[in-house]
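Before I ask anything, here is the structure I am working with.
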Amino acid sequence: MQTFDFDFFVVGGGSGGVRAARMAGQRGARVGLAEVADMGGTCVNVGCIPKKLYSYAAHFADSFEESHGFGWEGAAPVLNWETLKANRAKEIKRLNGIYDKLLDGAGVKVIKGWARMIGAHTIEVGDQHYTAKNILIATGGTALVPAVDGHDHVVTSDSMFDLDPFPRRLLVVGGGYIACEFASIFNGLGSHVTQVHRGEKVLTGFDEDVRSFIAVEMAKTGVDFKFKTEVESITKTALGLFVKLKSDGQSLTVDTVLYATGRIANASGLGLGAVGVEVSAAGAIKINEHYQTSVPHIYAVGDVTARMQLTPVALGEAMVVVDQLFGPAAGKAARSMSYDFIPTAVFTHPNIGTVGYSESQARDKFDKVSVYRADFKSLKHTLSGSNERTLMKLLVEDATDRVVGLHMVGPDAGEVVQGFAVAMKAGATKAVFDSTIGIHPTMAEEFVTMREPVAPKIHA
């Protein structure tokens, strides 16, 4: 019988990898984990956590201005960019330490360095070789920068948290959630932000009303959108980065160009091909319903599979793999993973929260769908002086009365939608929504007080 150094070896110390390693260790497995960078992966170090902290920071400028309508007087404080960066770095370092302690407490052997498969059960890290019965690839994704002329002058989202100096003029290229979030954040922090997108609207794949509404709201705050165009070239000059666009000879000069045009699976350089692990044409690892690759004892979860690039999804997938290999925790049933009604948020200003189907998706899937929609100025802004508006939308399958889509654009939309996601996962109907007493006065109560569907749109 073949013996191995480890029962389970995890490549990648991001959210999914750390969760899998820790839970497997708690089950009594001998676990190794290889990570070349700080523990926590993209989410902790250069993604969700620092981005949300900077989003909080950016909201203060509006809050100071809006406070005057409530009787507060005096000039607003001035942003100290260096203080924000230092405080963020301190918090991220604290989180890195927590991850290290959790792994150590579970008995996981952490190996620093780049891991590469050199055999079906053998991993090379530096000049050391390790063998494992089962292997998990959880190396996440990485930002993609197209080969535009002058691409060596651009930055990706990974670099936005430590820019030096603060960019007074920022060009954001892209229309996805990362592009929109950073456009909102740096606009709020004081940059003059221009956002270029080759499409006609931002946030492809989201509900059409949400896409239109958020663009209007972001433009109100000062984000300058340029749609249906792309960057032709970027040239460094004494005055900054000179950016030429492809439409009508437009150009602008900025301090920083952020490319947020997509992410790709971080699967290259791992030696996967040498051991027979198949990847897609786009470079993502192919997996089956059990998260097994084409080599059955090698698994993959999270962004490296490009299935659904969300931290909580990677965590859920990791738990399924651990339960499959080492059994569930005492007294618990084995986990399964459903991709239906996964809520998500986009931390634009204002925020977006969404769960379930968009209107177009719902109409494609179900015979008849009723749409409930509200668009209003919140109570807060009756005194704040802000012209920000809030959008709330429900989609209901007529045959079952089940709520199949829920969308919000407004303050703390993610916080509001998370609770409704539980109800929708449980199969809540519009009748259940209607019979639920709202909390007054809140924006969230609008979801349980919308009584009349909007008239269906007529398509030519």
Side-chain angles (χ1 to χ4, degrees), residues 177 201 203-214 289 307-317 319-320 333-346 350-376 389-459:
Y177 74 94
K201 294 181 180 180
L203 297 175
T204 301
F206 283 73
D207 185 88
E208 287 297 313
D209 282 340
V210 169
R211 299 177 70 193
S212 299
F213 195 88
I214 191 59
E289 66 273 18
R307 178 175 281 185
M308 186 169 283
Q309 298 180 3
L310 295 170
T311 293
V313 170
L315 295 175
E317 293 174 344
M319 290 305 305
V320 173
R335 304 251 188 151
S336 61
M337 184 73 191
S338 169
Y339 295 88
D340 294 331
F341 298 105
I342 292 176
T344 188
V346 183
N351 294 173
I352 298 169
T354 182
V355 59
Y357 297 91
S358 68
E359 183 176 343
S360 62
Q361 290 169 340
R363 293 194 184 282
D364 287 342
K365 184 173 181 63
F366 306 108
D367 289 337
K368 291 185 179 180
V369 175
S370 291
V371 179
Y372 298 79
R373 187 183 190 279
D375 169 352
F376 56 91
R389 297 185 68 80
T390 293
L391 170 71
M392 303 179 99
K393 184 174 181 179
L394 289 176
L395 303 167
V396 179
E397 181 193 10
D398 288 358
T400 62
D401 196 44
R402 185 178 181 185
V403 179
V404 296
L406 184 147
H407 310 277
M408 177 179 174
V409 182
D412 297 316
E415 305 289 348
V416 172
V417 170
Q418 176 68 80
F420 284 103
V422 176
M424 291 173 62
K425 191 75 172 178
T429 62
K430 184 63 167 66
V432 170
F433 272 57
D434 292 344
S435 66
T436 300
I437 302 300
I439 301 173
H440 185 74
T442 65
M443 285 181 288
E445 70 176 316
E446 191 70 27
F447 278 129
V448 298
T449 59
M450 289 191 278
R451 297 288 186 260
E452 298 297 326
V454 298
K457 296 176 183 177
I458 298 183
H459 300 280

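Predicted model only: the values in this text are computed from it and were never measured.
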- Least distance between heavy atoms, K201 atom then S212 atom: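 Between these two residues, the closest heavy atoms are NZ-OG, 3.0 Å.
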Can you give the donor-acceptor pairs under 3.5 Å from side chains of residues 412-429 to other protein atoms, not counting sequence neighbours?
from, atom 1, to, atom 2, distance (Å)
K425, NZ, S338, OG, 3.1
K425, NZ, D340, O, 2.9
T429, OG1, A431, N, 3.4
T429, OG1, V432, N, 3.2

- Item | Check: F213 and D375 side chains under 4.5 Å, non-hydrogen atoms |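 Touching, per the 4.5 Å side-chain cut-off.
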- Hey, mind stepping through V313 and I342 against side-chain contact (heavy atoms from CB on, under 4.5 Å) and telling me if it holds? CA-CA 8 Å; V313 170; I342 292 176; 3.9 Å; yes
- Message: Check whether N351 reaches the backbone of P411 with its side chain - one donor and one acceptor, N or O, closer than 3.5 Å.
- Response: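 A pair under 3.5 Å: no.
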- Message: Would you say that V409 contacts T390 through its side chain, given a criterion of any heavy-atom pair below 4.5 Å between the two side chains?
- Response: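 With C-beta onward as the side chain, the pair stays apart.
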- Interatomic distance, R211 atom CZ to S358 atom OG [nearest 0.5 angstrom]: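 Answer rounded to 0.5 Å: 9.5 Å.
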- Message: How long is the straight-line distance from CZ of F376 back to CG of L391, given to the nearest 0.5 Å?
- Response: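 So the CG of L391 and the CZ of F376 are separated by 8.5 Å.
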- Kindly give the heavy-atom pair with the smallest separation between V320 and S336, and that separation in Å.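 So the two residues come closest at CG2-C, 3.8 Å.
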- Query: Do the non-hydrogen side-chain atoms of I352 and H407 ever get within less than 4.5 Å of each other?
  - Reply: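 Not in contact.
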- Query: Quick one: are V396 and D401 in side-chain contact, heavy atoms under 4.5 Å?
  - Reply: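 Yes - at least one pair of side-chain heavy atoms lies under 4.5 Å apart.
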- Going by heavy atoms in the side chains, are Y339 and M337 under 4.5 Å from each other?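 Sidechains of M337 and Y339: in contact.
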- Item | Ion pair check, K430 and D434, cut-off under 4.0 Å |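 Salt bridge: yes.
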- Message: Just checking R335: does its CZ atom have more than 12 heavy atoms from other residues, nucleotides or ligands closer to it than 6.0 angstrom?
- Response: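 Open.
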- Item | Spacing of CD belonging to Q309 relative to OG1 belonging to T344, to within rounding of 0.5 Å |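 Output value for this atom pair is 11.5 Å.
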- Message: Looking at Y372, I'd like to know if the NZ or CZ of K393 sits under 6.0 Å from its six-membered ring centre while staying within 45 degrees of the ring's axis.
- Response: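 Not flagged: K393 not positioned over aromatic ring of Y372.
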- Message: To the closest 0.5 Å, what do you measure between CG (L406) and CZ (F447)?
- Response: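 Atom-to-atom, L406:CG and F447:CZ are 4.0 Å apart.
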- Query: Does R373 reach the side chain of D209, with side-chain heavy atoms less than 4.5 Å apart?
  - Reply: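 With C-beta onward as the side chain, the pair touches.
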- Query: Are the side chain of R451 and the backbone of V448 linked by a donor-acceptor contact shorter than 3.5 Å?
  - Reply: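 Checked: pair present.
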- Message: Just verifying a value: how many Å separate D207 CG and I214 CD1, rounded to the nearest 0.5 Å?
- Response: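 Between atom CG of D207 and atom CD1 of I214 there are 13.0 Å.
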- Item | Test side-chain contact (heavy atoms from CB on, under 4.5 Å) applied to S435 - qualifying residues, sequence neighbours left out |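 side-chain contact (heavy atoms from CB on, under 4.5 Å) list for S435, sorted by chain: empty.
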- Partner residues of Y177 under the ring-ring contact (aromatic ring centres under 6.0 Å, His included) criterion, sequence neighbours left out: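 For Y177 there are no ring-ring contact (aromatic ring centres under 6.0 Å, His included) partners, ignoring immediate neighbours.
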- Taking atom CD of E208 and atom CD of E359, what is their separation to the nearest 0.5 Å?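 Between E208 CD and E359 CD, I get 9.0 Å after rounding to 0.5 Å.
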- Query: Looking at side-chain heavy atoms only, is the closest gap between M319 and L315 below 4.5 Å?
  - Reply: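 They are not in side-chain contact.
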- Message: Tell me the closest heavy-atom pair linking L394 and F433, and the distance in Å.
- Response: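 Nearest heavy atoms, L394 then F433: CD2-CE2, 3.9 Å.
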- Establish, from distance only, whether the side-chain atoms of Y357 and E397 form a donor-acceptor pair under 3.5 Å.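 Absent: no donor and acceptor within the cut-off.
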